[in-house]
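Heads up: the structure comes next, in structure tokens.
No experiment lies behind these values; they were computed from the predicted model shown. Lettering of chains follows the sequences in order, A, B, ..., and the numbering in each one begins at 1.
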Amino acid sequence: MEIQYAYTKKRSEFGRQCLFVDEGPKLLENVTPNKEELNKYIFKNPVSRSTQCSSVLAEHELNTIRAQYDQHGMNHTEGGWPREVNPADEEQTLRFKKKIEKDEMYIHTVLQLTHAMEHCILQNNAINIYEEYFEGVESATIMERCSARTLNVYRDPNKVNQPVTHLSWSPDGGTRLAVSHCNLEFQRSPRHLSTFSYIWEVDTALPAENPNKPQLTLKPAVPIVCLEYNPKDPNCLVSGMFSGQVAFWDVRKSSTPAGMSALEPSHRDPVYSVLWINSKSGTEFFSSSTDGQIKWWDTRKLNEPNETLILDVVKGEEQVLSRALGASCLEYEGTIPTRFMVGTENGCVISCNRKGKTAAEKIVSKYTAHVGPVYALQRNPSFLKNFLTIGDWMARIWSEDCKESSIMWTCNHQAQLTDGAWSPTRSSVFFTTRMDGTLDAWDILQEQREAVISVKVCDYQLRSLRVHDQGQLVAVGNNLGTSYLVEFNESLATTQRNDKALLTAMLERESRRERILEARNREIRLRQRTKMAESLHRDISGKETINTPSIILDSAVKNAEKDFFTIIELELAAIQAAAEAHEVEEEYEIKAEALISDKTKKKETIFMVDELKGENSEDEFEGEDMDKDTEGTNES
Amino acid sequence: MASEVEETMKRIQSHKGVLGTIVVNSEGIPIKTTMDNTTTVQYAGLISQLSDKARSVVRDLDPTNDLTFLRIRSRKHEIMVAPDKEFILIVIQNPTE
């Protein structure tokens, strides 16, 4: 663009016009210097003269083009009258009007027009056609039946199918799904088996397209056990390998890892969980493995970890690797950057603080969660103090304040639960997968005893699950290496208005109940301890031995056992009767499982009874609960 | 015949909610009206202009088309205009709310 400036000056402002003449110069006056005059002057020394060095400024005035305003008025007068009629003269106008009224054309037209007009008038009188229906009424929550359908199936392109171990959605609205395949059974997979994992393209607008080829194949040297997309960068992934190493990938570059950690400082067991951390550089992550170590890494420096923590919960001077608990899953919430949680193989959940100075400070609290390894652990995205754990046969919801027990739990299922996650959009919904190939969606606001909807996705074990960012799609992977994309109906993905309030109330109520029970337990234990101390005293001092605690224990146990076995027998009889229609094998399976779950219940009962010594009413309460649960298990 | 017109006008005026009726000719002169003069003149002038504009819109979009009826609903009432080549019938009604 050319910047031009046009400078105009009026000719009249230039000054006098130059008049050129043809003659040569004419000397007008010549003044010669007079040297005597110099004596009248003296040199001035010093001379003070001031100068100023500043920018040369000039003053200009500028005025924009002013808008010209004019005041106008308009005078409406009646017009249209023909020239002969004077509008002011009423008689003339009347006469004119009367004349027109007599005109046939007028009569005909008016009759026609009134016809249409009447229709509209009557219509208006009949109904208000522009009425706003239901204004001011908020849309009521429609309790629609929950539905789910499998949208798409992604099969392992390999000839030999390897189980899906982990799934991860890409952070850019979930257009891609990364699936890792690995055979985790010890020394089961022969050497030459493929180590590939895949990234599939999922178009969430049309997820039903059926791709048979993955978008990208990741080709590491060792199989990948878990992999995660960087939540800030949809091109970077980090993975934990079967060999204990961790690798960093950039999908733009190639199908081989962009960086792999050295073997020596890595884990000694397969890395089961790896998660990105909220760091300034966005390149830090941490990994955990069943060898009991948690290591923090930086993708730029994979040759050694930044930090290592050994999960030794025994509060001693040093952390000893041999005493450490194997970690089966990790949990990290970006908004609480210094804390994280670990689920261990023996069923404990340990809450840790990264900023602790000594190892003992790092391990903040411990929760005994499950009978077997904790397979999944996740905080509720809207209620950070509550978290969900999945392990053995049930899912439990915990509150950080209640350390002794979970605040809510599902009943024991027939099959073991393998993975679970909260829905990112609706805070009361979570999903779980089971070993018998069922995917459950739970909504604790609607139904606490059972899942809102159970979908039998396939006949094989479902290994892992990942919810899409928008909450409606869930990707699950099974033992055969096939991943399924399941879509649930909208109501499970969108929050209703009072969801948050109701859920807060529910969680508060449950945690309060647990706290009360905890306090009660503590009281009883304290009482029992003082009684034992007393009885010991008396033993030492006299012959009188207090048998009451043990008597109570015995009778309480006996009662519980009696109740328990009668119920079991009844149930078994019922099962036998009902199972006549089924095949014999199934019958035995159900019985065996019921007995197994009953046995664990029995252990729990005894454990409970130990704690609640001397309070029959509470025993009965617990017994009843157990009964209800066993009934539930046997029915389902 | 003229009495028929009278009757029809009276009938329209007697409908529920009708505030006024005006018949205007093509030049904007109110021929028959049930309202006071100033209001009538205002309506006559403004509505005929609007009706002409509306007709031209309809015909511009599709020359084979023509304006049959014009309804202007405002917060207070509804103005219904039935146009014709020579005359315009205007009715102001308060629709059932």
Tell me which of these, Thr8(B), Ile12(B), Leu89(B), Thr21(B), has more heavy-atom pairs under 4.5 Å with chain A than the rest. Leu89(B)
Tightest non-hydrogen contact, residues Ser423(A) and Val467(A), listed as CA-CG1, 4.5 Å
Portion of Val91(B) that has a non-hydrogen atom of chain A nearer than 4.5 angstrom: both
Check whether Phe69(B) gets within reach of chain A through its side chain, its backbone, both or neither, counting any heavy atom under 4.5 Å. side chain
For Glu86(B) and Thr109(A), which I'm curious about, is there any donor-acceptor pair between the side chains at under 3.5 Å? no
Segment of Tyr106(A) engaging chain B (4.5 angstrom heavy-atom cut-off): both
Do Glu101(A) and Lys97(A) sit within salt-bridge range, that is, some charged N less than 4.0 Å from a carboxylate O? no
Answer whether the closest heavy-atom distance between the side chains of Gln472(A) and His468(A) falls below 4.5 Å. no
One should read off an interatomic distance between Ile47(B) CD1 and Ile90(B) CD1, to the nearest 0.5 angstrom, of 5.0 Å
Which answer fits Thr114(A), side chain, backbone, both or neither, if we ask what part of it has an atom under 4.5 Å from a heavy atom of chain B? both
When the 4.5 angstrom heavy-atom criterion is applied to Ile100(A) and chain B, the contacting part is side chain
